[in-house]
S.K.: 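Take a look at this one; I'll ask things after.
Since the structure is predicted, the reported quantities are computational estimates derived from the model, not experimental observations. Just so it is clear, the values below take in all heavy atoms, side chains as well, and ignore hydrogens, waters and symmetry mates.
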Amino acid sequence: MQGWLKKAALLTVAVCLASGLYAVRKAPYSSSRIFWDRNTEKVLFSSGCYARAIQLQDGRVMVVAASGGGISVCYSSNYGETWTSPELIIHQPDSLPYHVPDLIQLTDGTIVVGFNPRPVEPYSENRRFGIRAVRSTDRGETWSDVIFIYDAQHTFGDGCWEPSFLELPSGELQCYFANENDFTSSREQCISMCRSFDKGLTWGSPVRVSFRPGGRDGMPVPLLTANGEIVVIIEDNGWPGRPVDRATTVRCLLADNWSSVVGADSPNRSVIFANEADLQYSSSAPYLRHLVTGETVASWQGDHGDRLGLTPDAYGMFVAVGDADARNFKGITAPFHLSRSQHSLWNSVATLGDGSVIALGSVAEVGEGDAVHMVKGRPMKRFEADYGTPVVDASVSGTEWMHERTQQIILGQVTGNRTTAYFLYDDHGLYFAARVIDRDIFTDKVDNDGVFLSLDMLNASDTYPQAGMYRFFFNVDGTLELKYGENNRWHEATSTDGVNYQVSLKSFYYDVEVAIPWQMLGRETVPTPEDVMRVNIEVRNRMEGAIETEKITDTEARESWTWMEFRVNEAPEGAGIGSLAVDKELNVYVSDRVLHISSPDDMAECALYTYDGKLIGRMENAGRNLQWYLPSLQGGILSVVKANGQRVSRKF
């Protein structure tokens, strides 16, 4: 008998493996993902390229770009909402264009802007490819004369390129750049670095940082990690398997400070991507910065469009989040929504004090002049629901949805349809709302437009649907679909009774709003802030002859380990049914279809809701005694606001 059971168990496992239905709990996805907001996109320079940004010590955001006949800057004093007009700080001479500026503010407040003179034909030996800088010690009001850092040859194939700065804790200032000067008889290129010990006034001779024989290490951007490593992101075209640029890091310990060169086979050289699938794509012109979360963020230009469901013909800008050591980058997103004929080149990222990220890129139709665009995003590790009871009336315009933590989710980089989504909760259920900007809404097809909401109430963190997992589809035609997870599959729910779903269609957008009782989600008690759940959101956009799906990056519809962590925030004191112990004298009962309410204190407001959150009615200045005739209601929720501001709720 035992042998038969063992064989049966093995057979069951084999069938599950063969059918692809072998559930595996995985460690939940824990990295930040960046949500970009198309409404924040602005043009900072009407023409230009190689834009770079930092937030200064005085709070202003400073952007520098090759624009306007030299190097220009602009500033924002409100985290990128508005910007000053471009100001030319370095005028380029004839036949010697200035490119690839970079900037840094030193610990003492000095601002250093570097740039790259690039002579044009006809070449002459008195005009060389070089690295230069200017300094400001008065917050950018005035700038020094041009400071020499390095010169390469005067011809295009033997130049130097793309300066970028790093200040060490000792005060040493480093300038990294790509260097062909050492390889005048080949097309090879290395990464070099010059040092300054007087805040950028004078510079020493270059040392070699990295070199791949036969390759072209290029476009370096350095970073100092919390664990004491100097990490430089570069483009490396020498990795076996595909002769394209791949974003790569080279690194050394701060204590070593480039005492040896990082070669082709060094363990200190690695491609940045955590997922093997991303190695097949091109990722050139990379950039690297810290996030306020302690993680790192990288950008590049490349052909990852297919990976995200985009199909541009030209290179776009892409961004990914890495760990604190600038490794394992994933969560790839596209900050700009580009048409098939547009590109975004020579990009960069910067992090701001409000926790946001800004992306900068030279965006244009292919073959036309570039303009420098900016867009903001926000890195998030989890979604939250504040305590509140909204009126479920298919409108997200009310103040109940508009407080700071409610609007957390912003999607729209794939479809171009901006979606905002929101959560609230109370003792009776979970509330969800979304507004989708869509000028072509389909309501009469099999696969209409609409929003998917998936919940993993038990944090199963599985590779297949399990108990405690739910998947709602809010169809714009007003119908609701619900599936629940069990034994590795989604199953159709036979009833959605108790869920209050409302939808409103306008000429260029639609709102969905829903109240879901906790009992329908398998909970007899309200979740606490300590309860970990997971959530996923997708938006289906139907077009003529095609369907697009906007989703949170790196999520899979059935794999809850990839979904966002989800928690409720602490309810305010006195909120909810649990306030009974606080206010024992509030008396609520029903007799002959009349709801009787009496309170020892004046009641400023009484509101009645169904269990699924639909408002029945509201009375103000109710005094201390109220009788409410309810001819057809079987029960619901009473919410009372006392004259002293205390809020209490009761089931009846």
Side-chain angles (χ1 to χ4, degrees), residues 25-35 291-295 321 331 355-356 378-390 396 400-411 419-434 451-462 465-472 484-485 513-538 551-557 559-579 613 649:
R25 177 175 172 82
K26 297 188 66 171
Y29 193 107
S30 58
S31 299
S32 293
R33 300 176 237 216
I34 299 179
F35 295 82
L291 287 176
V292 294
T293 61
E295 299 162 296
V321 176
S356 65
R378 185 164 295 276
M380 297 187 65
K381 288 190 173 184
R382 74 184 192 191
F383 298 151
E384 300 172 350
D386 273 355
Y387 191 92
T389 305
V396 298
E400 64 221 359
W401 292 112
M402 293 297 116
H403 52 92
E404 180 180 0
R405 285 183 305 210
T406 308
Q407 180 178 312
Q408 302 166 71
I409 307 103
I410 300 177
L411 300 171
T419 298
T420 51
Y422 318 80
F423 290 103
L424 285 171
Y425 84 101
D426 63 16
D427 294 285
H428 324 300
L430 178 68
Y431 302 91
F432 172 75
V451 180
F452 291 92
L453 172 67
S454 299
L455 296 164
D456 180 353
M457 301 301 297
L458 302 178
N459 192 27
S461 189
D462 212 302
Q466 304 299 337
M469 294 168 59
Y470 302 87
R471 182 169 171 82
F472 296 85
Y484 63 92
E513 196 172 19
V514 62
I516 309 171
W518 290 124
Q519 292 87 346
M520 174 162 281
L521 298 174
R523 294 198 63 99
E524 295 300 325
T525 59
V526 181
T528 69
E530 290 71 39
D531 290 328
V532 180
M533 299 167 282
R534 310 199 71 78
V535 68
N536 192 29
I537 297 168
E538 303 162 70
K551 67 175 189 174
I552 299 170
T553 186
D554 278 4
T555 57
E556 296 295 335
E559 300 185 26
S560 66
W561 74 271
T562 68
W563 302 354
M564 297 286 292
E565 182 181 316
F566 181 56
R567 296 181 187 238
V568 300
N569 292 319
E570 193 73 50
E573 184 178 355
I577 295 171
S579 63
S649 299

S.K.: Would you say that Trp518 contacts Met457 through its side chain, given a criterion of any heavy-atom pair below 4.5 Å between the two side chains?
M.R.: yes
S.K.: Stepwise, does the side chain to side chain contact (heavy atoms under 4.5 Å, CB included) test hold for Ile516 with Leu453?
M.R.: CA-CA 11 Å; Ile516 309 171; Leu453 172 67; 4.3 Å; yes
S.K.: Quick one: pull up CE in Met380 and OG in Ser32 and give me the separation to the nearest 0.5 Å.
M.R.: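 One gets 9.0 Å once the value is rounded to the nearest 0.5 Å.
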S.K.: Considering non-hydrogen atoms only, spot the tightest contact between Asp554 and Thr562 and give its length.
M.R.: O-CB, 3.3 Å
S.K.: Is there side-chain contact between Arg567 and Pro529, with heavy atoms separated by less than 4.5 Å?
M.R.: no
S.K.: Which pair of non-hydrogen atoms, one from Asn536 and one from Ile552, has the smallest distance, and what is that distance?
M.R.: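 The answer is OD1-CD1, 3.9 Å.
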S.K.: Rounded to the nearest 0.5 Å, what separates atom CD in Glu559 from atom CE in Met469?
M.R.: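 Between Glu559 CD and Met469 CE, I get 9.0 Å after rounding to 0.5 Å.
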S.K.: Minimum heavy-atom separation for Gly522 to Tyr470, with atom names?
M.R.: N-OH, 3.6 Å
S.K.: Measuring centre to centre across the rings, with the benzene-like ring taken for any Trp, is Phe35 within less than 6.0 Å of Phe383?
M.R.: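 Yes, the ring of Phe35 comes within the 6.0 Å limit of the ring of Phe383, centre to centre.
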S.K.: Tell me which one of Arg534, Arg33, Met564, Glu538 satisfies side chain to side chain contact (heavy atoms under 4.5 Å, CB included) with Thr555.
M.R.: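 Exactly one pass, corresponding to Arg33.
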S.K.: Side chains of Ser356 and Arg378 only: does a donor on one sit below 3.5 Å from an acceptor on the other?
M.R.: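 Arg378 and Ser356 do not have a side-chain donor-acceptor pair below 3.5 Å.
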S.K.: Any heavy-atom pair between the side chains of Ile409 and Leu411 that's under 4.5 Å?
M.R.: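 They are in side-chain contact.
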S.K.: Please check this pair: side chain of Ser461 against backbone of Lys26, looking for a donor-acceptor N/O pair closer than 3.5 Å.
M.R.: yes
S.K.: Just how far is it from atom OG of Ser454 to atom NZ of Lys551, taken to the nearest 0.5 Å?
M.R.: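 Those atoms lie 11.5 Å apart.
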S.K.: Does any non-hydrogen side-chain atom of Trp561 lie less than 4.5 Å from one of Arg25?
M.R.: no
S.K.: Could you check whether any side-chain heavy atom of Asn569 comes within less than 4.5 Å of a side-chain heavy atom of Phe423, counting everything from C-beta outward?
M.R.: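 Of all side-chain heavy-atom pairs linking Phe423 with Asn569, none is under 4.5 Å.
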S.K.: For Asn459 versus Pro28, what's the shortest heavy-atom pair and its separation?
M.R.: OD1-CG, 4.5 Å
S.K.: Quick one: does Leu430's side chain get under 4.5 Å of Leu455's, heavy atoms only?
M.R.: yes
S.K.: Whether the side chain of Ser560 engages the backbone of Asp462 through a donor-acceptor N/O pair (distance < 3.5 Å, no angle test) should be reported.
M.R.: yes
S.K.: Rounded to the nearest 0.5 Å, what separation is found between the CG atom of Leu458 and the CG atom of Leu521?
M.R.: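 Rounded to the nearest 0.5 Å, the CG-CG separation comes out at 10.5 Å.
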S.K.: CD1/Ile537 to CH2/Trp563 distance, rounded to the nearest 0.5 angstrom?
M.R.: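 Between atom CD1 of Ile537 and atom CH2 of Trp563 there are 11.5 Å.
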S.K.: Can you see which heavy atom on Gln466 is nearest to which on Ala460, and at what distance?
M.R.: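 Nearest heavy atoms, Gln466 then Ala460: CB-CB, 4.5 Å.
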S.K.: Looking at Ala434 and Val451, what are the two nearest heavy atoms and their distance?
M.R.: CB-CG2, 4.4 Å
S.K.: Check whether any side-chain heavy atom of Phe472 lies under 4.5 Å from a side-chain heavy atom of Val514, and answer yes or no.
M.R.: no
S.K.: What's the spacing between Asp427 CG and Thr389 OG1 if we round to 0.5 Å?
M.R.: 8.0 Å
S.K.: Within the 4.5 Å heavy-atom criterion, are Met533 and Pro527 side-chain neighbours or not?
M.R.: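 A side-chain contact exists here, since the closest heavy-atom pair is under 4.5 Å.
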S.K.: Would Tyr425 and Tyr387 count as a close aromatic pair, with their ring centres under 6.0 Å?
M.R.: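 So the answer is yes for these two rings.
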